[in-house]
Amino acid sequence: MSSPKRYWLMKSEPSDFSIDDLQRVGTEPWTGVRNFQARNFMRQMQVGDGVLFYHSSTQVPGIYGLAEVACASYPDPTQFDRKSKYFDEKSTREEPRWSLVDVRYVRHLAKPVPLDLIRTQVDSLGEEFALIRRGSRLSVLPVTAAQWKILLGLEHKA
DNA sequence: GCCAACGTTGGC
DNA sequence: GCCAACGTTGGC
């Protein structure tokens, strides 16, 4: 018995890891999230959940592809790796602070949906939508089924 | 528990 | 590169 499919948006800087990179590797552990809210969302994820792959800090920020959650959350191994920039000395194997999921490539969008187009849909998306909420920097955030539909509806209008 | 300092995110 | 906004840390 599985619960209804849920949806998320995950940000990545394409210079670091892009939708092209995800296509190349197929599945990727989403390492390096060091924000408690984002971590908590990943802990709620289930296999098959839909993911909007968002490119941030780039010339045209926006949604560039679709992915899906490939496994339940587990401890982010980089938190234990002294050589990693994500190493966290406060974390222990017994009580890991940071979790992640693996993300699997689904497809590129026919045309990316840029942030400025997304902003024009604030009335239907809702002002509380974290992606367009003023000052929000959350890198992993929930998307409702209605928002998912609206955002993908923009794919061919971009 | 407050809050200043600091580091980071991410649009522009 | 700038900077506004935010989250976290740590002194008190």
Side-chain angles (χ1 to χ4, degrees), chain A residues 6-25 28-45 49-69 73-103 105-106 108-144 147-148 150-158:
Chain A
R6 285 189 286 183
Y7 303 97
W8 311 92
L9 182 145
M10 299 173 86
K11 296 180 185 174
S12 182
E13 297 189 20
S15 59
D16 186 51
F17 189 81
S18 70
I19 187 70
D20 293 347
D21 294 320
L22 184 62
Q23 181 177 30
R24 196 170 305 120
V25 299
E28 178 75 4
W30 207 259
T31 55
V33 169
R34 295 295 180 266
N35 170 283
F36 290 104
Q37 225 184 329
R39 177 206 69 182
N40 292 343
F41 287 136
M42 285 202 288
R43 287 183 176 176
Q44 295 173 28
M45 291 181 182
D49 283 359
V51 174
L52 298 169
F53 196 108
Y54 181 92
H55 284 183
S56 63
S57 294
T58 189
Q59 198 162 13
V60 182
I63 300 164
Y64 280 72
L66 296 186
E68 64 183 5
V69 174
S73 71
Y74 62 97
D76 181 341
T78 63
Q79 71 195 302
F80 307 121
D81 178 2
R82 290 202 165 272
K83 288 172 297 197
S84 169
K85 66 172 174 173
Y86 300 124
F87 175 70
D88 185 347
E89 60 181 5
K90 291 182 183 165
S91 193
T92 65
R93 298 266 178 192
E94 295 69 32
E95 287 186 66
R97 296 181 99 197
W98 305 110
S99 302
L100 54 66
V101 296
D102 292 352
V103 171
Y105 176 80
V106 173
H108 280 63
L109 293 197
K111 288 171 82 178
V113 175
L115 179 59
D116 56 8
L117 180 63
I118 295 170
R119 285 193 202 282
T120 67
Q121 304 301 305
V122 60
D123 287 347
S124 43
L125 290 168
E127 285 184 7
E128 74 289 349
F129 185 41
L131 184 66
I132 51 178
R133 206 173 54 213
R134 201 176 102 87
S136 173
R137 300 173 309 171
L138 199 54
S139 66
V140 176
L141 53 108
V143 174
T144 66
Q147 289 165 340
W148 175 274
I150 293 162
L151 292 167
L152 287 185
L154 300 174
E155 181 176 4
H156 297 282
K157 294 183 188 170

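Numbers restart at 1 for each chain; the letters A, B, ... are given by sequence-line order, proteins then strands.
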Quiz item: Taking 4.0 angstrom as the limit, do A:Asp76 and A:Arg34 come out as a salt bridge?
Solution: yes
Self-check item: Protein proximity profile, nucleotides 1-12 of chain C - base contact B, sugar-phosphate-only contact S, no contact -, cut-off 4.0 Å on heavy atoms
Solution: ----BBSSSS--
Self-check item: Candidate pair A:Asp20 and A:Tyr64, rule side chain to side chain donor-acceptor pair (under 3.5 Å), full reasoning
Solution: CA-CA 9 Å; A:Asp20 293 347; A:Tyr64 280 72; over 6 Å; no
Quiz item: Which value, rounded to the nearest 0.5 Å, describes the distance between A:Met42 atom CE and A:Met10 atom CE?
Solution: 5.5 Å
Quiz item: Angle class for the A:Phe17/A:Phe53 ring planes (parallel below 30°, perpendicular above 60°, tilted otherwise)?
Solution: tilted
Quiz item: So what does A:Ser57 hit on the nucleic acid, given a heavy-atom distance under 4.0 Å: a base, only sugar-phosphate, or nothing?
Solution: base
Acceptor/donor pairs from residues 116-127 of chain A side chains to any protein atom, 3.5 angstrom cut, sequence neighbours excluded:
from	atom 1	to	atom 2	distance (Å)
A:Thr120	OG1	A:Leu117	O	2.5
A:Ser124	OG	A:Gln121	O	3.1

